[in-house]
There are 2 protein chains.
Amino acid sequence: MEGKDLRKAGLKVTLPRLKILEILESSTTRHLSAEDIYRTLLEGNEDIGLATVYRVLTQFEAAGLVTRHHFEDGMAVFEINHGTHHDHIVCLDCGRVEEFMDSGIEERQTSVAQRLGFTIRDHSLIMYGHCRRTNCAYRKKKAS
Amino acid sequence: MEGKDLRKAGLKVTLPRLKILEILESSTTRHLSAEDIYRTLLEGNEDIGLATVYRVLTQFEAAGLVTRHHFEDGMAVFEINHGTHHDHIVCLDCGRVEEFMDSGIEERQTSVAQRLGFTIRDHSLIMYGHCRRTNCAYRKKKAS
DNA sequence: TACCTTATCGCGAATCGTCCGCAGCTCGCG
DNA sequence: CGCGAGCTGCGGACGATTCGCGATAAGGTA
């Protein structure tokens, strides 16, 4: 049934695209890097190249299926679009990402853009801070 | 006189650092990439390596002299800190960047963070849209 | 359903932004 | 003015992302 989504987006339904879409949808972590997805594919014994993962993600982004985020650690992460917009707050200690939506902020953004003579198309709001989790003392290292 | 700023930041006053600081301060474009700065140095016949530019910019950032931004085009840009915090709105057509500050947005951000149990340290808000400039029809290409 | 056109894929190599390692050079305290 | 820590330039390394190309598969068509 996801094939419909792809077709609606003007993309051929191919195995790589289905698999990647599936991974994005079923992952517990909402934000995946291209490498994350590639690794998951390998674990599932799918014979899909890393270049294809990047190509597909770029196409998905253009089609509005996913959103690409650039958090502060250099590499892009991707997240499925489930219709509802939201912003992010990232813990600098453990790397956890929370999502939130504040209509007040959204409204003010629109009015600021209007005041400056911009037709707003998109925006990215990311806050960085420290969360109060008990187990959040450790620094998340790349090799987790 | 800028030497003072450097010394206060715990950095030796060296020629590369002074030159780079000068470029950041005098540029009409407020947001410069490492390459931009490097190119400017070359044009001024300064014998300064690209690696040094990156090192210096990183030190400046750590010292709070500049802020590093990641707009959507993959490479980092740097901006002098003149004390006042502000956010950005980027025109998707001409690449122009406007700055703004809205205390309402700032306040709501703080309260959202608090509600989520985060101690906020920093944030990045970037809006993308189309500006209404008359001469904004053209697309800014890398080779300008 | 078999065929044909064309988009897509996998692979390896290339590119891009950024950073590291090291030998030589400078800054600035004494 | 001399010395040592800190800085620099260079070239190469590095990770993330993209390109080029021959091989392959998707899906409209007859």
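What you see below is based on every heavy atom in this structure, not just the backbone, and it leaves out hydrogens, waters and symmetry mates. In what follows, chains are A, B, ... by sequence order, proteins preceding strands, each numbered from 1.
- Protein atom OH of A:Y38 is 12 Å distant from nucleotide atom C1' of C:dG12, rounded to whole Å.
- Checked for salt-bridge contact, A:R68 and B:E72 miss the test: no charged N lies under 4.0 Å from a carboxylate O.
- Distance CE (B:M75) to C1' (D:dT18): 16 Å, rounded to an integer number of Å.
- Between the side chains of A:H86 and A:E98, not a single donor N or O lies within less than 3.5 Å of an accepting N or O.
- B:L6 has its CG atom 14 Å from the C1' atom of D:dG6, to the nearest Å.
- One interatomic measurement links the two molecules: CG of A:L50 to P of D:dG15, which rounds to 13 Å at whole-angstrom precision.
- Distances shown here put every side-chain N or O of B:Y54 at or beyond 4.0 Å from the OP1 or OP2 atom of C:dC19.
- Nearest nucleotide to the B:R55 side chain, out of D:dT17, D:dC10, C:dC11: D:dC10.
- Side-chain contact between B:Q114 and B:I120 is absent, with no heavy atoms from C-beta onward closer than 4.5 Å.
- When all heavy atoms of A:I20 and A:V53 are compared, the closest pair comes out as CD1-CA, 3.9 Å.
- Protein atom CG of A:L57 is 15 Å distant from nucleotide atom P of C:dT8, rounded to whole Å.
- Between B:D36 atom CG and C:dC16 atom P the separation is 15 Å, expressed in whole Å.
- Of the listed nucleotides (C:dT18, D:dT18, C:dC9), D:dT18 has the atom at the smallest distance from the side chain of A:A51.
- Protein atom CG of B:D47 is 17 Å distant from nucleotide atom P of C:dG24, rounded to whole Å.
- Among residue pairs with one or both ends in residues 25-69 of chain A, those qualifying as ring-ring contact (aromatic ring centres under 6.0 Å, His included) are A:H31-A:H69, A:H31-A:F71, A:H31-A:H88, A:H69-A:F71, A:H69-A:H88; sequence neighbours excluded.
- Under the 4.0 Å criterion applied to side-chain N and carboxylate O atoms, B:R108 and B:E106 are not assigned as salt-bridge partners.
- Distance, B:H70 NE2 to C:dG17 P: 13 Å, rounded to whole Å.
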>> Does the protein touch nucleotides 24-30 of chain D at the base, only the backbone, or not at all? Give it as B, S and - per nucleotide, heavy atoms under 4.0 Å.
In response: --BS---
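- Between B:T58 and A:V56, the residue anchored closer to the 5' end of DNA chain C is A:V56, taking for each the nucleotide with the nearest heavy atom.
- Judged as a side chain to side chain contact (heavy atoms under 4.5 Å, CB included), and not counting sequence neighbours, the contacts of A:T52 are A:P16, A:I48, A:R55, A:V56.
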